[in-house]
Amino acid sequence: MSEKSSHTLYLGLGSNLGDKRRLIEEAVCLLNDRVGRVTRKSSLIETEPWGFSSPNKFLNGCVACQTQLSPREALRETQEIEREMGRSTKSHDGVYHDRPIDIDILLYDDWHINDTDLVVPHPKMKDRNFVMIPLREICPDLS
């Protein structure tokens, strides 16, 4: 039986409710346990909400994981982690909300995926400094 190959997965993390730092740390632990070994973590940066108004600022960061999960399996697992950590609604049609945790798949190797529920590379990441600043910290070769 052959081993599954390992892939490099970059994820964006954000939180603007509760103990944001603790929630992101908890998400990183869960990702390490259930998605793949976290090999790099960016610094966390505080940012204003993007795409909606809220008095709650965000903490944002990125991680790199070595995973044997497929992109779709990684999506399922990250969404399950979000639900377990208290996220009740996902953003749809450009309508954003406060949330205890947000986990976005940014990159998966050099793959390009364009499905209705999964687009890789993340289609809005280059428009978002709160993604690109921490992502470039752990992936300096990113153009």
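Residues: numbered from 1 along the sequence shown. Quick note: numbers below take in every heavy atom, side chains included, and nothing from hydrogens, waters or symmetry partners.
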Test item: Asn16 side-chain N/O and Arg99 main-chain N/O as donor-acceptor pair under 3.5 Å: yes
Set of residues satisfying side-chain contact (heavy atoms from CB on, under 4.5 Å) with respect to Ile105, sequence neighbours excluded: Leu9, Leu11, Ala74, Leu75, Leu118, Val120
Euclidean distance, Glu25 CD relative to Ser15 OG, rounded to 0.5 Å: 11.0 Å
Residues which pass ring pair (Phe, Tyr, Trp, His ring centres under 6.0 Å) with His7, listed by chain and number, not counting sequence neighbours: Tyr108, Trp111
Minimum-distance pair of heavy atoms, taken over all atoms of Gly12 and Cys62: CA-SG, 4.1 Å
Polar side-chain atom of Thr67 near backbone of Val35 as donor-acceptor pair, under 3.5 Å: yes
Counterpart residues, side-chain hydrogen bond (donor to acceptor under 3.5 Å, both in side chains), relative to Thr47 (two or more places apart): Asn60
Linked, directly or transitively: Leu17 and Leu44 (ILVMFWY side chains, under 4.5 Å): no
NZ-CZ distance between Lys20 and Arg22, expressed to the nearest 0.5 angstrom: 13.0 Å
Glu77 side chain vs Arg34 backbone, donor-acceptor pair below 3.5 Å: no
Residues forming a side-chain contact (heavy atoms from CB on, under 4.5 Å) with Asn129, sequence neighbours excluded: Ile133
Counterpart residues, side-chain hydrogen bond (donor to acceptor under 3.5 Å, both in side chains), relative to Ser54 (two or more places apart): Asn56, Asp98
Atom pair CE (Met85) and CD1 (Ile24), whose distance is rounded to the nearest 0.5 Å: 8.5 Å
For Arg37, all residues meeting side-chain hydrogen bond (donor to acceptor under 3.5 Å, both in side chains), sequence neighbours excluded: none
Distance-minimising heavy-atom pair for Pro100 and Leu23: O-CD1, 3.4 Å
Asp102 side chain vs Leu13 backbone, donor-acceptor pair below 3.5 Å: no
Derivation and outcome, side chain to side chain contact (heavy atoms under 4.5 Å, CB included), residues Leu107 and Leu142: CA-CA 11 Å; Leu107 301 165; Leu142 188 67; 4.0 Å; yes
Shortest non-hydrogen contact between Pro134 and Ile45, atoms and distance: CD-CD1, 3.9 Å
Partners passing salt bridge (Lys or Arg N to Asp or Glu O under 4.0 Å) against Arg83 (at least two apart in sequence or in another chain): Glu80
Between Gln66 and Ser6, a side-chain donor and acceptor under 3.5 Å: yes
Nearest heavy-atom neighbours spanning Val38 and Lys41: CG1-CG, 3.8 Å
Set of salt bridge (Lys or Arg N to Asp or Glu O under 4.0 Å) partners for Asp110, sequence neighbours left out: none
Salt bridge (Lys or Arg N to Asp or Glu O under 4.0 Å) involving Glu137 - partner list, sequence neighbours excluded: none
Set of salt bridge (Lys or Arg N to Asp or Glu O under 4.0 Å) partners for Asp115, sequence neighbours left out: Arg72
Taking every non-hydrogen atom, the tightest pair across Ala27 and Ile103: CB-CD1, 4.5 Å
hydrophobic_cluster_shared for Ile101 and Val28, side chain cutoff 4.5 Å: yes
Shared hydrophobic cluster for Phe130 and Phe52 (ILVMFWY, side-chain gaps under 4.5 Å): yes
Non-neighbouring partners of Glu48 that pass side-chain hydrogen bond (donor to acceptor under 3.5 Å, both in side chains), sequence neighbours left out: Lys57
Passing option when Leu135 is tested against His122, Met125, Lys126 for side-chain contact (heavy atoms from CB on, under 4.5 Å): Met125
